[in-house]
2 protein chains.
Amino acid sequence: MSDTVPRPSKPSRPTGRAKPRQSDIARAAGVSQATVSLVLRGTESGVVLAAETRRRVLRAAEELGYVPDPVATRLAAARNGMLGLYTFSTTFPTDVAHSYYPVLVGVEEEAAAQGQDLILFTGASRAADTTSHAAAVRRVRAADGCLFFGRHVPDDPIRRLSDDGFPFVYIGRRDEPGISYVGADYVAASAEVAVRIAEQGHRRVRYLRENDDAPASTDRERGVVEGARGAGIETAGLVERTDGGDVDARLARWRDAGVTAVITEETDTGAALSGLTAAIARAGLSCPGDLSLALLGTPAAPAGAALGTAGEISGFSVPMREMGRAAVRLLLDLIEGTPTPRRHLLLACAPVPGTTIGPPPPAR
Amino acid sequence: MSDTVPRPSKPSRPTGRAKPRQSDIARAAGVSQATVSLVLRGTESGVVLAAETRRRVLRAAEELGYVPDPVATRLAAARNGMLGLYTFSTTFPTDVAHSYYPVLVGVEEEAAAQGQDLILFTGASRAADTTSHAAAVRRVRAADGCLFFGRHVPDDPIRRLSDDGFPFVYIGRRDEPGISYVGADYVAASAEVAVRIAEQGHRRVRYLRENDDAPASTDRERGVVEGARGAGIETAGLVERTDGGDVDARLARWRDAGVTAVITEETDTGAALSGLTAAIARAGLSCPGDLSLALLGTPAAPAGAALGTAGEISGFSVPMREMGRAAVRLLLDLIEGTPTPRRHLLLACAPVPGTTIGPPPPAR
DNA sequence: CTGAAAGCGCTTACAG
DNA sequence: CTGAAAGCGCTTACAG
C-alpha cells in the first residue's frame with residue numbers, strides 16, 4: 001500500500017534554475033495567474049480575453065519557454081494527454097515475435113497520431129496476489145483513461161474503476177456487461193475456416209483447443225462448431241481440449257478414427273499449436289498430404305518451420321495492429337464523452353489461404 | 001504551447017463513488033490527514049509514530065482500499081514511480097524486427113523489476129519543428145526521470161532539462177559533456193572485426209559507412225581504422241560513405257582494385273547494409289567465396305536472405321536489451337541521488353562468428 | 001473582460 | 001508523538 005510509491009532518499013526537486021510557472025508569466029505580463037491559465041488553455045467557457053492581454057501573455061510565455069506541467073494539469077481535474085496501457089499476464093511482449101507485439105504497435109501509432117502519450121503500467125507481472133493487483137490497477141488513474149490487455153484479467157479492481165467512471169477499454173472481447181472493448185470476430189472467422197475445410201471434402205475433423213476459458217477461446221469453439229454443423233462436418237467428438245503435452249496419443253487415435261483434418265488455436269501460450277505441430281512432425285506426417293491443418297489466429301512465430309512446411313499454416317489472421325488503433329480511438333471517445341460511442345467493436349479477421357489445407361488423402 | 005494539453009469537451013473527473021483519500025482515512029482513524037501521510041509513506045525524517053496510531057491508520061487504509069494518487073504524490077514533490085522513455089526519429093519500433101525493439105524490451109523488463117511504470121512519450125514523431133520538440137520534451141517532466149533514445153537528438157530542449165537538474169540518461173553514447181549515457185563499445189568491437197578479417201589474410205578492405213555523423217558511426221569508423229592499422233590492413237581509401245543508392249559502381253571498382261573484404265554498418269535506416277547486400281546479389285557474388293563481408297551491429301532483420309547466404313553475417317551484436325536494462329538502473333541511481341553513480345557505461349558487444357568471413361579468393 | 005479564492009490529493013517543515 | 005498550515009502548479013466557478 002504505502003510502498004506503491006518508492007520513497008526517495010532525498011527530494012528529487014530540480015535544484016537548478018526553476019522552470020517557469022504560470023505565476024512567472026503572470027508577473028511578466030502584469031496579469032493574474034488565473035488569466036494566464038485562461039489564455040493558455042484557449043477560450044473555453046465562453047470567456048473572451050482582450051486581444052492585447054492575450055498577446056502579452058502569449059509573448060511572455062514564449063519568452064520564458066513555458067510548457068504546462070502535465071502533473072499539475074492532471075491534478076487540477078483536466079486531462080493530461082496520457083493514455084494508460086495495462087497488460088495482464090507476462091507483462092511485456094519480451095519475445096520479438098510475441099503475439100501481443102503488433103497490438104502494442106497499433107496502440108502506439110494511434111496514440112501518437114492523436115497526440116497522446118502512453119503510460120505502460122508494468123505492475124501486472126509482479127503482482128501475484130490480488131492486493132497488489134488492486135494497487136497496480138489503481139495507479140492507472142494517473143492517465144486520462146486506460147487500455148487493458150491480456151486474456152486473464154482480475155475483475156475486481158476493474159469494476160472499481162468502472163464504478164468511479166474512469167474511462168477504459170479492453171482489447172479483446174469481454175463477457176462482463178457494460179464494459180467497452182475492441183475484439184476480433186473469432187466466431188465468424190472460425191466458422192469460415194470450418195467451411196473451407198468442408199469444401200475440400202473433409203467430414204471427420206478435430207478441433208484441438210486449449211484448456212482455457214478466455215472469451216476468445218469460447219468464441220472460436222462456437223465458430224468452429226457452427227461452421228462445421230452448417231457445412232456437413234460431423235460435430236460429435238469434434239472438440240477436444242489440451243494443455244499441449246499429450247498430443248501424440250491423440251493424433252494416433254484420430255488417424256485410426258479416420259480424421260482427415262485438424263484445427264487448432266493460437267493463444268498467448270501457444271501450447272496447443274506447438275504441441276500439435278511437434279506431434280505431427282514426430283509422426284512423420286505431412287500437411288496437407290496426410291492431414292489438413294488449420295490454425296485459428298496468427299502464430300507468434302512462423303510455425304510452419306516445425307512442420308517442415310515452407311508455406312504458412314492455413315487459417316485466419318487477427319488484425320491486432322488495427323485492434324490497437326481502434327482501441328485508442330474508442331478510449332478517446334470515452335474520455336471526451338462523445339455521445340453514444342460504439343462501445344463494442346468486433347473487427348473482421350482476414351482469411352489466410354496458407355498451404356496446409358487440401359483434399360483428404362485416399363482412405364487407408 | 002497551449003495546445004500541448006488537449007482540451008476536454010467536458011471534465012473527465014470521475015462521477016461515481018469517490019475513491020478514498022488520505023482525509024477519509026484520517027476521519028476513520030481519528031487522526032489528521034498529515035499523520036496518515038506520515039504512516040503511509042513510512043518513517044522518513046526520523047519521525048516516530050505511536051504503534052497504536054500506525055495500526056489504526058493502516059487498518060483504515062486497508063479497509064477503504066486506499067492507494068495513493070500518483071498525480072498528487074508527484075505534484076507534492078515526491079516521486080511517482082514513473083520513468084519516461086522518449087524516442088527520437090521514427091517513434092516506435094513499428095516493424096516487429098525493428099532494431100530498437102530489444103532496447104524497449106530491456107527497458108520494460110528492468111522497469112518492471114524495479115517497480116517502475118513507463119511513460120512512452122510519443123511526441124517525437126510528430127514534432128518536425130523545434131518548437132514542438134521543445135514542448136514535447138518538456139512533458140517528460142511528468143516522470144521522475146527520462147530515458148532518451150535515438151540517433152539524432154535535439155540538443156536544446158535537453159540542455160534545458162539538464163540545467164533544471166532533471167534526471168535523464170541517453171541510450172547510446174553522446175559527445176555532449178556532463179550527460180549520462182549507456183552505450184555500446186563500438187570502438188573495441190569494430191576493431192576486433194577488422195582484426196578478424198586481417199587474420200584471414202585480407203589486406204585490401206573497404207569500410208562502407210553511412211553518411212551520418214551520429215556518435216555510433218564515428219566510433220565504428222574509429223574502431224575499424226584503428227583495428228586495421230594495428231593488423232596490417234591498408235588504411236588508405238579504407239573508409240567510404242554512402243546513402244545506400246550507389247553501391248553497384250563502387251563494388252565493381254573495389255573488385256577491380258583488388259578489394260577482398262567489405263565491412264559495413266547497421267543503423268536505424270539500414271541503408272548501407274541493404275544497399276551493399278543488394279549490390280552483391282546483383283553482381284552474382286557469394287560470401288565469403290568471392291568477397292568477405294562483415295557487419296558492425298545487429299541487423300534489424302536477418303539480412304542473409306538477400307545474399308542467398310543461409311547463415312548470419314559475420315560481425316558483432318549489440319547488447320541492446322542489456323543496454324535498456326542498464327539505462328533504467330542508471331536512471332534510478334540518478335533519481336535517487338546515489339552518490340557518485342557511474343554516469344557513463346559502455347557495454348561490450350559479443351562477436352558474431354557468422355558465415356561471411358573467410359580467406360580471400362585466389363588473385364584474379 | 002479580469003482578479004481573488006478555493007480546490008485537486010498529497011508532502012513537508014514547523015509548532016506544539 | 002501528532003496537528004495545523006503552507007505549498008506543489010494548475011483549473012474552475014464566482015465575483016466584480
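Chain letters run A, B, ... following the sequence lines, proteins first and then strands; every chain starts at 1. For clarity, every value in this text was computed on a predicted model and none was experimentally measured.
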Could you state the [atom1]-[atom2] distance from [X] to [N], rounded to the nearest angstrom?
X: A:Arg74; N: C:dG9; atom1: CZ; atom2: P; answer: 11 Å
X: A:Arg27; N: C:dG3; atom1: CZ; atom2: C1'; answer: 16 Å
X: B:Glu52; N: D:dC1; atom1: CD; atom2: P; answer: 13 Å
X: A:Gln22; N: C:dA5; atom1: CD; atom2: C1'; answer: 15 Å
X: B:Leu38; N: C:dG9; atom1: CG; atom2: P; answer: 19 Å
X: B:Ile25; N: C:dG9; atom1: CD1; atom2: P; answer: 13 Å
X: A:Asp24; N: D:dC8; atom1: CG; atom2: P; answer: 11 Å
X: B:Leu75; N: D:dA6; atom1: CG; atom2: P; answer: 18 Å

Would you mind classifying the nucleic acid contact of B:Val71 as base, sugar-phosphate or nothing, using non-hydrogen atoms under 4.0 angstrom? nothing
Would you check if the side chain of A:Asp144 reaches a backbone N or O of A:Gly81 as a donor-acceptor pair within less than 3.5 Å? yes
Would you say a side-chain N or O of [X] is under 4.0 Å from OP1 or OP2 of [N]?
X: B:Ser37; N: C:dT11; answer: yes
X: B:Thr35; N: D:dT2; answer: no
X: A:Thr53; N: C:dT2; answer: yes

All side-chain hydrogen bond (donor to acceptor under 3.5 Å, both in side chains) counterparts of A:Ser32, not counting sequence neighbours: A:Thr35
Taking only residues two or more places apart in sequence or in another chain, which ones pass side-chain hydrogen bond (donor to acceptor under 3.5 Å, both in side chains) with B:Arg56? none
Per [X] side chain, nearest of listed nucleotides [options]:
X: A:Asp69; options: D:dA4, C:dG9, D:dC10; result: D:dC10
X: B:Tyr66; options: C:dC10, C:dC8, D:dA4; result: C:dC10
X: A:Ala72; options: D:dG3, D:dG9, C:dG3; result: D:dG9
X: A:Ala34; options: D:dT12, C:dT12, D:dC10; result: D:dT12
X: B:Gln33; options: C:dC10, D:dG3, D:dG9; result: C:dC10

Under the side-chain contact (heavy atoms from CB on, under 4.5 Å) rule, collect the residues that match up with [X], sequence neighbours excluded.
X: A:Ala60; value: A:Ile25, A:Ala28, A:Ala29
X: A:Ser180; value: A:Val169, A:Leu330, A:Leu334, A:Arg343
X: B:Arg55; value: B:Ala51, B:Glu52

If you write DNA chain D from 5' to 3' in dot-bracket form, with Watson-Crick or G-U pairs under 3.5 Å, [ ] for crossing pairs and | for pairs with another strand, what do you get? |||.||||||||.|||
Measure the acute angle between the ring planes of B:Phe148 and B:Tyr86, then classify it against the limits of 30° and 60° as parallel, tilted or perpendicular. tilted
